[in-house]
Asks: 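Please find one structure pasted underneath; my questions will follow.
In what follows, chains are A, B, ... by sequence order, proteins preceding strands, each numbered from 1. Nothing here was measured: the structure is a model prediction, and the numbers come from that model.
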Amino acid sequence: MLNSFVESELQAALINAGITFADPIPFEKPRQSGHGHLSTTVCMSLAKAQKVNPRTLAESVVAALKLDSRFVSDVQIAGPGFINFTFTPLAFQSLLADMVSAGSALGKSTIGVGKKVNVEYVSANPTGPLHAGHGRNCAIGDSVANLYASCGYEVTREYYFNNAGNQMNLLAESISVRYKQIENPELPFPENGYKGDYIIQIAQELNSQKALVGKSQEEALQIGRQAGEDWCFTSIKKTLQSLRISHDVFFNEDTLYSTGVVSKTVEQLRNAGLAYEKDGATWFALTKLGGQQDKVIIKSTGEPTYRLPDIAYHRNKLERGFDVVVDVFGSDHIATIPDVLSGVQALGLDTSKVRVIIHQMVTFFENGEIVKFSKRSGNTYTLDDLIEEVGVDVVRFFFIMRTAGTHLEFDLNLAKEEGDKNPVFYLQYAHARISSVVAKAFDKGLSVTETADLSVLEHEKELLLIDLLSRVKHTVERACESLEPHTLAEYLREVAAAYHVFYHDCRILDSGEELEKARLLLAEITRRVLNNGLAILGVSAPQKM
RNA sequence: GCGCCCGUAGCUCAGAUGGAUAGAGCAACAGCCUUCUAAGCUGUGGGCCGCAGGUUCGAGUCCUGCCGGGCGUACCA
């Protein structure tokens, strides 16, 4: 980035002025072109502590500033105390040269090297196919995992497979009734049972295999339950596969019981005086930990509530030695997080390693109308349906392009539009355009030459593009650290826009022997940035469109 | 009631750690292809950044209180 030409010099100048400034120096890109290429507000933010006028401080800093005039052509103090820098084309060319020599490491960071991160996402209950709304969790989680990988972390992608608990009983019950209804259609279906057609399908399969013949009710439920779990697991995995998502670990909830982690956890909470019996249930004394109210962790029926296995599961993840443990949850799970973290902390584990992404819900719109989906009504709009309708690239991009904290309006009409209105195509088109030029250059015997003379790149649009491209690593790091993949999507849109402008104003092929090579290389670097970025978002980068 | 999230252009949304005249896409209007992909580019119009205080040299951004919407607030997950 352009910062690199002035950052250490500014530090030195500040020290020279008797000021030690531990934080990184704040830089920003001025909105107005008259304010140079880069700006710093460091004098304004330091002025108060130093009890000096910010402009005066800026003047003494600038006076002490020893900059390389090959790279920096102008330094101005402006407004209340901004220092604005203008750079020479050589500075930009040098940034581009760095990106060329970075090779396959372009846009990759090393901030996570040697660290292990676990990203848990999707984690939908195996009680049915993934529905369209699940797509947001899938896309966010997978992109975050990709971001961590791009930053050098060793990433474990994990799916918490909730195959124990009440909802599985309900699944078994639903299948069992559908099975019996084959003989006796009048039999009432459980009011809160899973009403989707897939339940009928599973029941019919069991029937055709005669799997329940001669079985007791209890055995039948068990078989139905397993059949349901298997069906859902297969269905979910298939959907994830078409979304280009592959988990390293499917963590089965029931192993928390079979390995005794759950009972051990209850025991520890009891010993710590944080669990007690009341009304036949076991309660978690959250009020002792600053919570609003105590919560049940084992029901009077003897079954645990979701909190207990969740605590045990987080304990398990932390004990596996991850430096960072990321959870991706929908906002409907928001209440559980503080409870679980309190529990984990009470067990003596370091919860500062846990980072939670909470995304808001998704509303699907079509023809200006809200489309309502109810998993249990049978009128299920599945993620498969959505993928089939709009394509994987659109699904992944639409779910990632907004900040997780806001409600997402998924415009199905826009998503289905295969043209300029659709924001995904804007990015892909830029990539395809570059690929096309590179291919065309190849046809005329010209290939991308990494040793091209970059000194011919002086056009304003070329410099703007280079400036933007040089921010790729920083953007990836920031998106990763803030767990906000949408900032990468936004960045890529800017890159595509800057390329389109460059492409429009600066002819590449036949622009002159040296210029042609240099511009072709610039285009290729842009292509790599787009390609890598799209890969992080799980979107394909087509050669042709 | 309480907790968390969100209120920015007609619509959908961006707005780095507080910075200079608040941005993009869509929609509307007007231009640009005998030349590398017009799925592109350029221009015009469009705003009490929910409201009211506060902190600050400076607030869309931080604090408080309202108003409006969402999600929670289970011996469901």
Asks: Which atoms form the tightest heavy-atom contact between A/Ser342 and A/Leu286, and what is the distance?
Replies: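 In terms of heavy atoms, the two residues are closest at CB-CD2, 3.7 Å.
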Asks: Which of the following nucleotides, B/rU17, B/rA74, B/rG40, is nearest to the side chain of A/Gln293?
Replies: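 The answer is B/rA74.
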Asks: Once side-chain hydrogen bond (donor to acceptor under 3.5 Å, both in side chains) is applied, do any residues pair with A/Tyr499, and if so which ones, sequence neighbours excluded?
Replies: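 A/Tyr499 satisfies side-chain hydrogen bond (donor to acceptor under 3.5 Å, both in side chains) with no other residue.
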Asks: Which nucleotide, B/rC75, B/rA20, B/rG40, lies nearest any side-chain atom of A/Ala78?
Replies: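 Out of B/rC75, B/rA20, B/rG40, the nucleotide with an atom closest to A/Ala78's side chain is B/rA20.
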Asks: Just compare B/rU73, B/rC75, B/rC41 and give me whichever is closest to any side-chain atom of A/Ala281.
Replies: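 Out of B/rU73, B/rC75, B/rC41, the nucleotide with an atom closest to A/Ala281's side chain is B/rC75.
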Asks: For A/His486 and B/rA24, is the shortest distance between a side-chain N/O and OP1 or OP2 below 4.0 Å?
Replies: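 Looking at the OP1 and OP2 atoms of B/rA24, neither is under 4.0 Å from any side-chain N or O of A/His486.
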Asks: Between the base of B/rA77 and the side chain of A/Tyr306, is there a donor-acceptor distance below 3.5 Å?
Replies: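 When only heavy-atom distances are counted, A/Tyr306 does reach the base of B/rA77 through a donor-acceptor pair under 3.5 Å.
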Asks: Using heavy-atom distances to pick each residue's nearest nucleotide on RNA chain B, tell me which of A/Gly405 and A/Leu38 is more 5'.
Replies: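 Whichever sits nearer the 5' end wins; that is A/Gly405.
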Asks: I want to verify a distance call: between B/rG19, B/rG40, B/rC75, whose nearest atom is closest to the A/Glu28 side chain?
Replies: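 Minimum distance to the A/Glu28 side chain belongs to B/rG19.
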Asks: For residues 488-497 of chain A, which residues have at least one heavy atom under 4.0 Å from RNA chain B?
Replies: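 The answer is A/Glu490, A/Arg493.
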Asks: Take atom C1' in B/rG54 and the same atom in B/rG18, then report the distance between them in whole Å.
Replies: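 After rounding to an integer number of Å, I get 15 Å for this pair.
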Asks: I want to check one thing: is the phosphate of B/rU37, taken as OP1 and OP2, less than 4.0 Å away from some side-chain N or O of A/Lys440?
Replies: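 Answer is yes, contact under 4.0 Å.
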Asks: Kindly point out which of B/rG72, B/rC36, B/rA74 is positioned nearest to the side chain of A/Val437?
Replies: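 So the side chain of A/Val437 is nearest to B/rC36.
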Asks: Answer yes or no: is there an ion pair linking A/Arg225 with A/Glu229, defined by an N-O contact shorter than 4.0 Å?
Replies: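 A/Glu229 and A/Arg225: not salt-bridged.
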Asks: Distance check needed: B/rA16 C1' versus A/Phe27 CZ, whole Å only.
Replies: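 That distance rounds to 14 Å.
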Asks: Evaluate whether the aromatic ring of A/His407 and the six-membered ring of the B/rG70 base sit under 5.5 Å apart, centre to centre, with an inclination under 30°.
Replies: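 The ring of A/His407 is not stacked on B/rG70.
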Asks: Where does B/rC49 land, syn or anti, given syn is within 90° of 0?
Replies: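 Anti for B/rC49; the angle lies over 90° from 0.
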Asks: State which of B/rA38, B/rA16, B/rU42 makes the closest approach to the side chain of A/Val501.
Replies: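 It is B/rU42.
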Asks: Is there, by distance only and without an angle test, a donor paired with an acceptor across the side chain of A/Glu409 and the base of B/rU12 below 3.5 Å?
Replies: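 Result: no qualifying N/O pair found.
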Asks: Has A/Ser436 got a side-chain N or O lying under 4.0 Å from the OP1 or OP2 atom of B/rU37?
Replies: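 Affirmative; the distance criterion is met.
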Asks: Of A/Phe161, A/Tyr160, A/Tyr306, A/Tyr257, which meets ring-ring contact (aromatic ring centres under 6.0 Å, His included) against A/Tyr313?
Replies: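 That would be A/Tyr160.
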Asks: For A/Gln167 and A/Asn169, test the side chains for any donor-to-acceptor distance below 3.5 angstrom and give the result as yes or no.
Replies: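 Not at all, the side chains of A/Gln167 and A/Asn169 share no donor-acceptor pair under 3.5 Å.
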Asks: At 4.0 Å (heavy atoms only), tell me whether A/Ala432 reaches a base, stays on the sugar-phosphate, or touches nothing.
Replies: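 Answer is base: heavy atoms of A/Ala432 come under 4.0 Å of a base.
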Asks: Rounded to the Å, how far apart are A/Leu408 CG and B/rC5 P?
Replies: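 Those two atoms, CG and P, are 19 Å apart.
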Asks: I'd like to know if A/Thr403 reaches the base of B/rA14 with its side chain such that a donor and an acceptor end up less than 3.5 angstrom apart.
Replies: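 Counting by modelled atom types and ignoring angles, no donor-acceptor contact under 3.5 Å is found here.
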Asks: Is the gap between the ring centers of A/Tyr121 and A/Tyr159 under 6.0 Å?
Replies: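 No, the ring of A/Tyr121 stays outside the 6.0 Å limit from the ring of A/Tyr159, centre to centre.
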Asks: Do you know the tightest heavy-atom contact between A/Glu7 and A/Ile25?
Replies: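 Answer, listing the atom of A/Glu7 first, then A/Ile25: O-CD1, 3.9 Å.
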Asks: Figure out the CG/C1' separation between A/Asp294 and B/rC75, and round it to whole Å.
Replies: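 Interatomic distance, CG of A/Asp294 to C1' of B/rC75: 14 Å.
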Asks: Between B/rA14 and A/Thr406, is there an OP1 or OP2 to side-chain N/O distance shorter than 4.0 Å?
Replies: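 Yes, because at least one side-chain N or O of A/Thr406 sits under 4.0 Å from OP1 or OP2 of B/rA14.
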Asks: To the nearest Å, give me how far apart CD (A/Glu477) and P (B/rU17) are.
Replies: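 The distance from CD of A/Glu477 to P of B/rU17 comes to 14 Å, rounded to the nearest Å.
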Asks: With the 90 degree cut-off around zero defining syn, does B/rA52 come out syn or anti?
Replies: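 B/rA52: anti.
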Asks: For the side chain of A/Arg402, starting at C-beta, report the closest nucleotide among B/rC41, B/rU12, B/rG19.
Replies: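 Of all the options, the side chain of A/Arg402 is nearest to B/rU12.
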Asks: Taking Watson-Crick (N1-N3 plus N6-O4 or O6-N4) and G-U wobble (N1-O2, O6-N3), each under 3.5 Å, can you produce the dot-bracket string of RNA chain B? Use [ ] for crossing pairs and | for inter-strand ones.
Replies: (((((((..((((.....[...)))).(((((.......))))).....(((((..]....))))))))))))....
Asks: Taking B/rC62 as the reference, what is the distance to B/rG10 when you measure between their P atoms (whole Å, please)?
Replies: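 The same atom, P, in both gives a distance of 24 Å.
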Asks: Expressed as a whole number of angstroms, how long is the span from A/Met44:CE to B/rG19:C1'?
Replies: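 Rounded to the whole Å, the gap is 5 Å.
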Asks: For B/rA52 versus B/rG60, give the span between their P atoms, rounded off to a whole number of Å.
Replies: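 B/rA52 and B/rG60 have their P atoms separated by 13 Å.
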Asks: Please report the distance, rounded to the nearest Å, between CZ in A/Arg31 and P in B/rG19.
Replies: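 So the CZ-P distance, A/Arg31 to B/rG19, works out to 8 Å.
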Asks: Heavy atoms from C-beta onward define the side chain here; which of B/rC71, B/rA20, B/rU42 lies closest to that of A/Met361?
Replies: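 My answer, after comparing the listed nucleotides, is B/rC71.
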Asks: When you look at CZ of A/Phe442, are more than 12 heavy atoms from neighbouring residues, nucleotides or ligands closer to it than 6.0 Å?
Replies: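 Result for CZ/A/Phe442: open.
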Asks: Under 4.0 Å between a side-chain N or O of A/Lys29 and OP1 or OP2 of B/rA16?
Replies: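 Checking A/Lys29 against B/rA16: no side-chain N or O falls below 4.0 Å of OP1 or OP2.
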Asks: Check ring-ring contact (aromatic ring centres under 6.0 Å, His included) between A/Phe85 and all other residues, then give those that pass, not counting sequence neighbours.
Replies: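 Listed in chain order: nothing, the list is empty.
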Asks: If you only use heavy atoms from C-beta on, which nucleotide in B/rC41, B/rA39, B/rG3 is closest to the side chain of A/Ile334?
Replies: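 Comparing B/rC41, B/rA39, B/rG3 against the side chain of A/Ile334, the answer is B/rG3.
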Asks: Determine the Euclidean distance between corresponding P atoms of B/rC41 and B/rG46; express it in Å to zero decimal places.
Replies: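 Between the two P atoms, the distance is 23 Å.
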Asks: Could you check whether A/Cys43 gets within reach of a base, just the sugar-phosphate, or nothing at all, counting any heavy atom under 4.0 Å?
Replies: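 Nothing, no heavy atom under 4.0 Å.
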Asks: For the P atoms, the ones on B/rG15 and on B/rU55, what distance do you get once it is rounded to whole angstrom?
Replies: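 One P to the other, the span is 29 Å.
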Asks: Just to verify, what does A/Phe284 make a ring-ring contact (aromatic ring centres under 6.0 Å, His included) with, not counting sequence neighbours?
Replies: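 Partners of A/Phe284 under the ring-ring contact (aromatic ring centres under 6.0 Å, His included) test: none.
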Asks: Can you tell me how far P of B/rA77 sits from CD of A/Gln167, to the nearest Å?
Replies: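 My rounded result for the distance is 6 Å.
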Asks: Quick one: does A/Asn166 reach the base of B/rA74 with a side-chain donor-acceptor pair under 3.5 Å?
Replies: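 No, no donor-acceptor pair under 3.5 Å.
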Asks: What distance, rounded to whole Å, do you find between the two P atoms, one in B/rA22 and one in B/rC6?
Replies: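 My reading of the P atoms in B/rA22 and B/rC6 gives 24 Å.
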Asks: Before giving the answer on salt bridge (charged side-chain N to carboxylate O under 4.0 Å, His left out), spell out for A/Lys317 and A/Asp327 the whole-Å C-alpha distance, their side-chain angles and the decisive distance to 0.1 Å.
Replies: CA-CA 11 Å; A/Lys317 284 199 280 191; A/Asp327 291 338; 2.9 Å; yes
Asks: Between A/Asp279 and A/Ala430, which is nearer to the 5' end of RNA chain B once each is assigned its nearest nucleotide?
Replies: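 Nearest-nucleotide comparison on RNA chain B picks A/Ala430.
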Asks: List for me each residue that meets side-chain hydrogen bond (donor to acceptor under 3.5 Å, both in side chains) alongside A/Glu462, sequence neighbours excluded, and say none if there are none.
Replies: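 In terms of side-chain hydrogen bond (donor to acceptor under 3.5 Å, both in side chains), with neighbours along the sequence ignored, A/Glu462 is linked to A/Arg519.
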Asks: Would you tell me whether A/His500 and A/Arg433 have side-chain atoms, one donor and one acceptor, within less than 3.5 Å of each other?
Replies: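 Yes, A/Arg433 and A/His500 have a side-chain donor paired with an acceptor closer than 3.5 Å.
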Asks: Please state the P separation for the pair B/rA9 and B/rC63 - nearest whole angstrom.
Replies: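 It works out to 22 Å between them.
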Asks: Whole Å only: how far is the CZ atom of A/Phe399 from the C1' atom of B/rU12?
Replies: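 Those two atoms, CZ and C1', are 15 Å apart.
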Asks: Compare side-chain N and O positions of A/Tyr426 against OP1 and OP2 of B/rC41 and report whether any pair is under 4.0 Å apart.
Replies: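 So the side chain of A/Tyr426 is within the cut-off, an N or O lying under 4.0 Å from OP1 or OP2 of B/rC41.
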Asks: Could you tell me whether A/Lys544 contacts a base, only the sugar-phosphate backbone, or nothing, with contacts defined as non-hydrogen atoms closer than 4.0 Å?
Replies: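 Base: the residue A/Lys544, judged by heavy atoms under 4.0 Å, touches a nucleobase.
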